[in-house]
Amino acid sequence: MELKYRALEGMNDVLPEQSTLWHSVESRWREHCRRYGYGEIRTPILETAELFERTVGETSDIVSKEMYVFQRGEERYALKPEGTAPVVRAYLEHGLYAAGSVQKLYYITPFFRGERPQKGRYRQAHQFGAEIFGAAHPLADAELLYMVMDFFQSLGVPADALELRVNTIGCPECRPAYREAVRNWGRDNYARLCKNCQARLERNPLRILDCKECVEITTDAPTIDPYLCDTCRTHFESLQSLLKTLEVPYVRSHRLVRGLDYYTRTTFEVVAEHGLGSQNALCGGGRYDGLVEELGGPPTPALGVGIGVERTLLVLQALKAPLPQPAPIDAFVVAFGDAARPVALQTAIQLRHAGIATDLDLEGRSPKAQMRLANRSGARYAILLGDSELQQGTASVKNLQTHEQTTVCQTELAEWIKSRL
RNA sequence: GGGAUCGUAGCUCAGUCGGUUAGAGCGCCUGACUGUGGCUCAGGAGGUCGUGGGUUCGAGUCCCAUCGAUCCCCCCA
């Protein structure tokens, strides 16, 4: 069949078979966040493009070449390319800082990036997010990291299938000096750097550390530790000590600098060994202590995480975890003869009102075909209605597993089935 | 944005050296059984071989272009 319309490149439909899995992971996330004291926030898919240009950064790949932007009238809009900026915007817009103390917000959102699709990377993807506002203490970092690893464990992903990578990238106090140091090192080693990194040198030298092509060369690049200010160093040290106390395994990754401009101090990601191909980061996040103020709010320390839903699903799939099956219906109503068809519909509705998942043939099919449908539906009971049942005000109820058949008064039908499910 | 591989029925795939009317399994529909499913048997529907062009007496098969899918680089969830 030649298709006139198909889903756009990198955009996927989730069919009923798959959506059962989505539901189970989504509800797992909701329950998990509830236990950790989070409230849900939902923000629009569309924001003014400027929000992301200001926060994610004009030079970042996400904004400069992947963001879906369009104009309508005077306003430039963007489909959200990530989850944090809109939440910060909403946090300010609704004065959530006025509630005092710490605010914890979680969400499930689609996001959009115009990249070439590959395994684990799509143009519309979905993200579980969690953000903490107003907590400067490393306790917040530790709790967030623990929560993330705890989430994967609750999904049945064994700890040794994952690697938590943690780093600090300093703050506006101490990072400039480090950035200069990396830049100077880069100038000294200019000829050895790849083309990309030569360009990065002036614009965003820290990203050189993240370059796969230059891995060999950057092993002797300066590390941030000697440059960290007292506050940043203490923060990072106590986070690491807390992780040890909580027995969260992690590795220090000097290369983890992240591609979004708003990060300060703690950055982290979780990579999976199996199931993800080359896009192996399951989640990423960090601290963004300057972002709220940058958007015109009061100085507010904050941090957050984004977990890729599709990638999580791929990892689960690779683990061969048993797929959650959609719950079958409870009853299937079969009409023998045309006179019974309206009664069958009424009966189905009556059972549904009683909370019994019920279906029936909607094509006027033969009894035999209806029985086939009943069998295929997975229903426990077939409710058979024919002339004789209609006359007596009864229904023949057939248990499709045991083949047992009983006559039940139509008025007692719902109760009879309910008590047996 | 660059690259590699792949496009035959709803799905998974055969299809020889270029040769007559396009094949299987699964799934779907009907019947055997006029009011009773699964199993079995019999029959049936379903294809512009992704699309367009070219080579040839002849193209699913060879060539070119194009669209799409998958994966990789880049980047990131």
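By convention in this document, chain letters (A, B, ...) are assigned in the order of the sequence lines, proteins followed by strands, and residues within each chain are numbered from 1.
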- Scan A:Ala125 against the nucleic acid and name what it touches under 4.0 Å (heavy atoms): base, sugar-phosphate only, or nothing. base
- Nearest of B:G35, B:G37, B:C74 to any side-chain atom of A:Gln279? B:C74
- What's the shortest heavy-atom distance between A:Glu143 and A:Lys104, and which atoms? OE1-NZ, 2.9 Å
- Span that lies between the P atom of B:U56 and that of B:G15, in whole angstrom: 28 Å
- Query: Is A:Gly284 touching bases, backbone alone, or none of the nucleic acid, heavy atoms closer than 4.0 Å?
  - Reply: sugar-phosphate
- Task: For B:G7 versus B:C74, give the span between their P atoms, rounded off to a whole number of Å.
- Result: 28 Å
- Item | A:Phe112 side, atom CZ; A:Arg123 side, atom CZ - distance, nearest 0.5 Å | 12.5 Å
- Message: Between B:C29 and A:Arg372, counting only base atoms on the nucleotide and side-chain atoms on the residue, is there a donor-acceptor pair under 3.5 Å?
- Response: no
- Message: Please verify the inter-ring angle class for A:His126 with A:Trp22; under 30° counts as parallel, over 60° as perpendicular, anything in between as tilted.
- Response: perpendicular
- Message: Applying a 4.0 Å non-hydrogen cut-off, can you work out what A:Glu389 is touching in the nucleic acid: base, sugar-phosphate, or nothing?
- Response: base
- Rounded C1' spacing from B:U51 to B:G68 in Å: 10 Å
- C1' atoms of B:U16 and B:A45, separation to the nearest Å: 30 Å
- B:A77 base to A:Arg113 side chain: any donor-acceptor pair below 3.5 Å? yes
- Query: Are side-chain N/O atoms of A:Thr347 and A:Gln410 paired as donor and acceptor at under 3.5 Å?
  - Reply: no
- Message: Once you apply a heavy-atom cut-off of 4.0 Å, does A:Gly83 come out as touching a base, just sugar-phosphate, or nothing?
- Response: nothing
- Closest listed nucleotide, where the reference is the side chain of A:Arg311 and the choices are B:C76, B:G3, B:C74: B:C76
- Message: Please report the distance separating the C1' of B:G19 from the corresponding atom of B:G60, rounded so that it comes out in whole Å.
- Response: 13 Å
- Of B:C74, B:G35, B:C71, the nucleotide closest to the side chain of A:Ser396 is B:G35
- B:C26 and B:U66, which share atom name P, separated by this distance in whole Å: 41 Å
- Message: Any salt bridge linking A:Lys418 with A:Glu415? Criterion: basic side-chain nitrogen under 4.0 Å from a carboxylate oxygen.
- Response: no
- Message: Looking at B:C28, I'd like to know if its phosphate oxygens (OP1 or OP2) sit under 4.0 Å from a side-chain N or O belonging to A:Arg376.
- Response: yes
- Donor/acceptor link under 3.5 angstrom from A:Glu115 side chain onto base of B:G1: no
- Item | Touch class at under 4.0 angstrom, heavy-atom based, for A:Ser388 against every strand present | base
- Query: What is the nucleic acid contact for A:Glu66, judged by heavy atoms within less than 4.0 Å: base, sugar-phosphate only, or nothing?
  - Reply: sugar-phosphate
- Query: Below 3.5 Å, does any donor atom in the side chain of A:Gln405 face an acceptor in the base of B:U36, or the other way round?
  - Reply: yes
- Provide the distance between the two C1' atoms, one in B:C67 and one in B:G50, to the nearest whole Å. 8 Å
- Item | Secondary structure of RNA chain B in dot-bracket form (Watson-Crick or G-U wobble, distances below 3.5 Å, | marking inter-strand pairs) | (((((((..((((.....[...)))).(((((.......))))).....(((((..]....))))))))))))....
- Message: How close do A:Ala135 and A:Ala140 get, counting heavy atoms only, and between which atoms?
- Response: CB-CB, 3.6 Å
- Message: Please determine whether a side-chain nitrogen or oxygen atom of A:Arg6 lies at a distance below 4.0 Å from atom OP1 or OP2 of B:A69.
- Response: no
- Task: Would you please classify the geometry between the A:Trp29 ring and the A:Phe128 ring as parallel, tilted or perpendicular, with 30° and 60° separating the classes?
- Result: parallel
- May I ask you to evaluate whether A:Lys368 reaches the phosphate of B:G37, defined as a side-chain N or O under 4.0 Å from OP1 or OP2? yes
- Tell me which nucleotide among B:A69, B:C76, B:G37 gets nearest to the side chain of A:Leu400. B:G37
- Task: Establish, with yes or no, whether the OP1 or OP2 oxygen of B:U70 is under 4.0 angstrom from a side-chain nitrogen or oxygen of A:Gln118.
- Result: no
- How would you label the contact of A:Tyr122 with the nucleic acid (heavy atoms, under 4.0 Å): base, sugar-phosphate, or nothing? base
- Phosphate OP1/OP2 of B:C29 contacted by A:Arg365 side-chain N/O (<4.0 Å): yes
- Message: If you assign A:Lys119 and A:Gln127 each to the RNA chain B nucleotide with the nearest heavy atom, which residue ends up on the more 5' nucleotide?
- Response: A:Lys119
- Is the cationic atom of A:Arg420 (NZ for Lys, CZ for Arg) positioned less than 6.0 Å from the six-membered ring centroid of A:Trp416 and within 45 degrees of its normal? yes
- Determine the Euclidean distance between corresponding P atoms of B:C6 and B:C63; express it in Å to zero decimal places. 11 Å
- Going by atom types alone, do A:Thr266 and A:Asp141 pair a side-chain donor with an acceptor below 3.5 Å? yes
